[in-house]
2 protein chains.
Amino acid sequence: MTDYPTAQAIVELRQSTAVEVLEKCLARIREREPIVGAWEYLSPHALQQAQRCDVAQAQGKLLGAFHGVPVGIKDTFATVDMPTGWGTPIHKGRQFGYDAAVVERLKAAGAVIVGKTVTTEYAIARPNKTRNPHNPKHTPGASSSGSAAAVADGMIPIAIGTQMVGSILRPAAYCGIFGFKPSFGVISRYGLMPSSRELDHVGIFARSIADIGLVLSVLAGTDARDPDCYATLIAPPPQKNHPKLALVLGSQWFQIETEAKQALFNSVTTLVAAGATVSQVDLPSEFDAYLDHVEVLCAAGIAANHSADYELHAQEMSPKLQQLIVRGRNINAIAYAKARHAVVDYNITLAKILSEFDAILTPVTTGTAPYGLENTGSFVFCALWTLCGLPAISIPVGVSNGLPLGIQLVGKRLRDRELLEIAQILYSRA
Amino acid sequence: MTDYPTAQAIVELRQSTAVEVLEKCLARIREREPIVGAWEYLSPHALQQAQRCDVAQAQGKLLGAFHGVPVGIKDTFATVDMPTGWGTPIHKGRQFGYDAAVVERLKAAGAVIVGKTVTTEYAIARPNKTRNPHNPKHTPGASSSGSAAAVADGMIPIAIGTQMVGSILRPAAYCGIFGFKPSFGVISRYGLMPSSRELDHVGIFARSIADIGLVLSVLAGTDARDPDCYATLIAPPPQKNHPKLALVLGSQWFQIETEAKQALFNSVTTLVAAGATVSQVDLPSEFDAYLDHVEVLCAAGIAANHSADYELHAQEMSPKLQQLIVRGRNINAIAYAKARHAVVDYNITLAKILSEFDAILTPVTTGTAPYGLENTGSFVFCALWTLCGLPAISIPVGVSNGLPLGIQLVGKRLRDRELLEIAQILYSRA
């Protein structure tokens, strides 16, 4: 789409100054933002951050692993020097007095924070202004709409988003880039708008697998400020040249559209040619209930976290959000506890089933990005892996009628680096 | 009460064979069980396990850190070679096909499993036959009634129990022994009857602090079969000869009775004389709600885990248990999620408040063991620390009218060994 460099190239090749890199990004934003609508807020401090990189470099120092890399941050993360609006008029212009953990880490690693990217309402409901860069008549997907579109359009090499159900991988697939959701508990959610304690994951958009790995290195780490962020990634074993993949179609397979089905089956051919073995695996019937459990945790979480807003500002909420909160307020604690238990049971069963495989190959979306901006597409193919807290990556594999298609690789818990290596091996050969 | 040795003495001094140690225990049980009623089931395999220890020792080998130590197991833990009845006629005689994680670990360390100790109904409701060894007209406390009474009566040196609210520390205090509940997530609950995922803790009864430390070493360790058992204990810093204690009376202080108040205040004098500094600390008003949060998690957990039994066997449940399940079935997911969040908020506040202290000194019970077996006493002084998952030890400090009294020391999260060291230092000098 453009020839802008990856984060890896910015960091390793250093062919331009940080200010030049930033100015290239800003030029692209000026040109394309009226069509794409990826940004909620552009930072007035970005130039200064880039200059600081260049001053340091002139003195022979690099600020960190992300020295001079421009990054966009979904507008659900607190930022000390920019407003944080959560995609709703209710919080528009709200100032937090601190940076979210991921923003802290990116800044400490030398990143240049370009601005806040558009999210849907409370990262769950009414879409905002963002359009698909491949065809502005289509949705970019949701809820990390602006992050996906900005990276896909060449405005920035890296953006940070979140996935409660499918909000990283789906927009990544619709926009034709890589989207990665790590294992649950690996990246701190401190300073992130809370939606569901069990489902909320921080995730990454990039245009190469190497860039995903680079960002993961910067962001992964335990954090006592997020009570669930205690997990440590497991170092990958020696490279496997012939990874074994389990093809999982799942109980929602009937929802897949022709072009997505074709993309998945083409991928099987490509992956086998690249050295993988692929075997179809059926999940037992207990997995048929996964969407119910996700719905319970999602609605209960949204209701628990945003009921106070609902009581004061219901009229400023979309009907969809209001319905979700009303639904959440009526969920029973037993259903909630059982959904939490299902995560445990599913992971035990999955670990057994997948003990003979290296990763899962499965659809990421039902098809290409839907027409219009109202329908942001379906999360059914992402929901199970989010519920189970497994690492998942969306890989762009083709285009149909000008709109991108992806496939999804899912890894084992905390074996995120192994998943990225497998993806790298397969797609460097593909 | 008897001159039976501690676990430490059994392991280190080895003045008797394992069979001799076991026979001494069994003699005491034969003598006192008709009065105390601590046992649900005596293992037909104990003698064989003791003989195996002696055979190994004759060959110059010890089976592990617990070689030949007789241990009692609360009847809520699965045992492969004994029935597991959960204190209810509904499950009486039930056979599990495996050992709970703690039983596995004890056996692997060379312990001799003497039998299953009496629990109240589902470890929460109707008391069973156990009596206080100090005065059989009084309750031993609950729910780990048999474990506490068996250790207090000299039948065994070590027993394993559980604490959802106050079920280790309260019976330990009533029976005049040490009771220890570790940090949440340190000892696996695999194979334990589930009550509340957030509140269930495995705990330890012993007659010395050294024994508590020994058992903790055997039992602590992450276990993927318990989804919350991922925590690792933090090594203690160099010994502090002058620990700083925060005296916390708490919002339920009004419930304390004269003799327990006197025991606590006497302890302040004793501890200061032993080298501690003690300062009173008030908890902020947000902590006033802790009993509400505990009640929500407890009732919702019991309902989620035992509703199926309720639907089939309500008539075999006590009125108290039925009410608890009915209550739990009516709890809203938001209240449940908020109680889980309260744990996080409380721990953040407590960590700040207690950053200048080494441990908390606080009451453990409202008074001595109540008269009769129906009322098993109050858990109000244990509930906050269980909710927050902090390590806590009940220390016997005296007797009033023939009934023991204890005080409670609470440590920082995962600093269980530091807490035990502080307790050891103070009470070796006291």
- Query: Measuring from Y230(A):OH to T232(B):OG1, what's the distance to the nearest 0.5 Å?
  - Reply: 11.5 Å
- Item | Atom pair CD1 (I334(A)) and CD1 (I302(B)), whose distance is rounded to the nearest 0.5 Å | 11.0 Å
- Item | Pick from A299(A), P227(A), A300(A), A231(A) with the largest number of heavy-atom pairs that fall under 4.5 Å of chain B | P227(A)
- Message: For R225(A), which atoms come within 4.5 Å of any heavy atom of chain B: side chain, backbone, both, or neither?
- Response: neither
- Query: Between R197(B) and chain A, which part of the residue has a heavy atom less than 4.5 Å away: side chain, backbone, both or neither?
  - Reply: side chain
- Item | Structural part of S307(B) lying under 4.5 Å from a heavy atom of chain A | side chain
Counting only heavy atoms not in [X], do more than 12 fall under 6.0 Å of its [atom1]?
X       : atom1 : value
E311(B) : CD    : yes
F379(B) : CZ    : no
Y290(A) : OH    : yes
E356(B) : CD    : no

- Query: Out of N347(B), I348(B), N332(B), which one racks up the most heavy-atom pairs below 4.5 Å with chain A?
  - Reply: N332(B)
- Query: Looking at H341(B), R329(B), K338(B), which makes the most heavy-atom pairs under 4.5 Å with chain A?
  - Reply: R329(B)
